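In this text the structure is predicted, and so the values were computed from the model without any measurement. Computed from heavy atoms alone, side chains included, the values below leave out hydrogens, waters and symmetry copies.
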Amino acid sequence: MGLNKPIIIQYVNWLRELLQGNFGYSTNSGQQVLAMILERLPATLLLTVTAFVISFVVGIPLGVYSATHKYSAGDYGLTIFSFIGISIPSFFFGMGLIYIFAIKLKWFPTSGFGDTTFKGTGMALFLNKMKYLVMPALVMSLANLATVMRFTRSSMVETLNQDYIRTARAKGLSEKVVIYRHALKNSLIPVITIFGLSIPNLFGGAYITEKVFSWPGMGLLGVDAIANRDYAVLMGLTLFTAILVLVGNLVADILYSFVDPRIRY
């Protein structure tokens with residue numbers, strides 16, 4: 001396996017094999033690393049994308065509400081919520097959800113992704129899977145949601161004080177048109193930046209979240225690889241995560257052009 005050679009030589013050999021599509025073999029199970037990652041990738045993407053959707057679909061409207069109701073009770077309440085969301089550790093939040101909603105209330109299962117004894121199909125099967133997704137997705141989205149909300153609020157407050165907003169109001173446009181058509185679009189640049197930067201945070205958080213909920217994704221595979229010192233698997237996971245981060249940042253750069261015409265030209 002070449003483990004007796006110097007680190008530099010091992011790395012060069014790994015790169016050479018990588019260019020040929022060979023990610024190596026797990027020293028623990030003997031399986032191909034690429035096959036192990038591809039088997040776990042759909043579960044991680046499902047969890048991460050769901051957390052992304054929750055973060056931005058919920059976080060942006062809350063940020064807009066907080067900015068347009070500045071210094072109100074609702075604004076202070078959302079500010080406290082955002083500080084809690086940013087500060088609370090994901091493993092602690094996850095165990096809290098398990099204790100309340102799985103053990104006490106029995107609304108959701110404690111872990112895993114699907115019941116092997118479930119025989120339903122179609123919508124029944126989909127709903128059965130979604131029960132396992134709710135809690136880990138909430139845990140992964142909480143900190144990102146709070147960050148998106150705070151950045152949206154800050155950007156909106158600054159934008160609402162601009163001269164063109166006062167001009168739009170002076171022309172008699174309704175408040176909804178002023179906020180959602182003029183102010184919000186120009187406030188999204190920092191939020192799109194958060195979109196690109198939050199991808200590595202979400203994939204890093206997947207290691208903890210997937211372990212807490214025994215979610216069969218790349219994060220759980222990574223934790224097991226760390227425990228077993230399975231370096232070939234860790235190298236493959238790091239590479240895949242790096243590729244996903246680069247793709248996410250590319251998407252963020254493309255989204256800039258849709259929000260700001262100056263970037264497009």
*Does the side-chain contact (heavy atoms from CB on, under 4.5 Å) test come out yes or no for I54 and N144, once each step is laid out?*
CA-CA 9 Å; I54 294 173; N144 202 47; over 6 Å; no

*Run the side-chain contact (heavy atoms from CB on, under 4.5 Å) check on Y11 and M235 step by step: do they pass?*
CA-CA 10 Å; Y11 185 59; M235 293 284 281; 4.1 Å; yes

*Under the side-chain hydrogen bond (donor to acceptor under 3.5 Å, both in side chains) rule, what do R229 and T27 come out as? Steps first, then yes or no, please.*
CA-CA 9 Å; R229 297 188 179 184; T27 55; over 6 Å; no

*Start with the C-alpha distance between D224 and D230, add both sets of side-chain angles, then the distance that settles side-chain contact (heavy atoms from CB on, under 4.5 Å), and finish with yes or no.*
CA-CA 8 Å; D224 292 339; D230 201 339; over 6 Å; no

*Hey, mind stepping through Y71 and Y76 against side-chain contact (heavy atoms from CB on, under 4.5 Å) and telling me if it holds?*
CA-CA 6 Å; Y71 306 133; Y76 286 125; 3.9 Å; yes

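A side-chain donor-acceptor contact under 3.5 Å links S187 and T159.
Looking at T209 and M135, their side chains never come closer than 4.5 Å, going by heavy atoms from C-beta outward. Under the 4.5 Å side-chain criterion, counting only non-hydrogen atoms from C-beta, L220 is not in contact with F213. At a threshold of 4.5 Å between non-hydrogen side-chain atoms, the residues I192 and D253 do not count as touching. The shortest side-chain heavy-atom distance between M149 and V58 does not fall under the 4.5 Å cut-off. Proximity of L142 to F81: side-chain heavy atoms (C-beta onward) are separated by under 4.5 Å at one or more points. T50 is listed as a side-chain neighbour of L133, based on a closest heavy-atom distance under 4.5 Å.
Annotation for I208 and S90: closest pair CG2-OG, 3.7 Å, computed over non-hydrogen atoms. The two atoms that bring I165 and A183 nearest to each other are CD1-CB, 3.8 Å, heavy atoms only. Scanning all heavy atoms of the two residues, the minimum distance from G222 to L234 falls at O-CD2, 3.8 Å. Residue A137 comes nearest to A51 through the heavy atom pair O-CB, 4.0 Å, listed as atom of the first residue, atom of the second, then distance. The two residues P216 and R40 make their nearest non-hydrogen contact at O-CD, 3.4 Å. Closest heavy-atom contact between G219 and T44: N-OG1, 4.0 Å.
Both L184 and L173 are members of a single hydrophobic cluster when ILVMFWY side chains are connected at heavy-atom separations under 4.5 Å. Grouping the Ile, Leu, Val, Met, Phe, Trp and Tyr side chains by contacts below 4.5 angstrom, directly or via other members, places F151 with Y180. Put simply, V251 and I243 are part of the same group of oily side chains (I, L, V, M, F, W, Y) that touch within less than 4.5 Å, one to the next. The cluster map of Ile, Leu, Val, Met, Phe, Trp and Tyr, joined by side-chain heavy atoms under 4.5 Å apart, puts V191 and L145 in different clusters. Tracing side-chain contacts under 4.5 Å through hydrophobic residues (I, L, V, M, F, W, Y), one reaches F92 starting from V134; they form part of the same cluster.
In this structure S29 satisfies the side-chain contact (heavy atoms from CB on, under 4.5 Å) test together with S26, Q31, M36, sequence neighbours excluded. Applying the ring-ring contact (aromatic ring centres under 6.0 Å, His included) test to F108 and every residue at least two apart in sequence or in another chain returns nothing. Shown here are the ring-ring contact (aromatic ring centres under 6.0 Å, His included) partners of Y207, two or more places apart in sequence or in another chain: there are none.
Around OH of Y164, the count of heavy atoms belonging to other residues, nucleotides or ligands within 6.0 Å exceeds 12. Counting non-hydrogen atoms of neighbouring residues, nucleotides and ligands closer than 6.0 angstrom, the CZ atom of F240 exceeds 12 such neighbours. Counting non-hydrogen atoms of other residues, nucleotides and ligands closer than 6.0 Å to CD of E17 gives a total above 12.
Sorted by first then second residue, the side-chain hydrogen bond (donor to acceptor under 3.5 Å, both in side chains) pairs that include residues 61-70, not counting sequence neighbours, are S66-D75, S66-R153. Within the structure, the ring-ring contact (aromatic ring centres under 6.0 Å, His included) test picks out the following pairs touching residues 28-57 (sequence neighbours left out): F52-F56, F52-F195, F56-F195.
Atom CG in L237 sits 9.0 Å away from atom CD1 in I226 (nearest 0.5 Å). Within the model, atoms CD1 of I9 and CG of N4 stand 11.5 Å from one another, a figure rounded to the nearest 0.5 Å. Rounding to the nearest 0.5 Å places OG1 of T152 at 9.0 Å from CG of L62. One finds the CG atom of L47 at 6.0 Å from the CD atom of E210 (value rounded to the nearest 0.5 Å). Atom CG of residue L15 and atom CD of residue Q10 lie 12.0 Å apart, to the nearest 0.5 angstrom. The OG atom of S174 sits 11.0 Å away from atom CZ of R169, with the distance rounded to the nearest 0.5 Å.
Side-chain atoms of S87 never come within 3.5 Å of backbone atoms of I84 as a donor-acceptor pair (strictly under, hydrogens ignored). At least one donor-acceptor pair under 3.5 Å links the side chain of W215 to the backbone N or O of A43.
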Please tabulate, for the side chains in residues 97-106, all donor-acceptor contacts under 3.5 angstrom to protein atoms that are two or more places apart in sequence or on a different chain.
unit_1, atom_1, unit_2, atom_2, d
K106, NZ, I103, O, 3.4

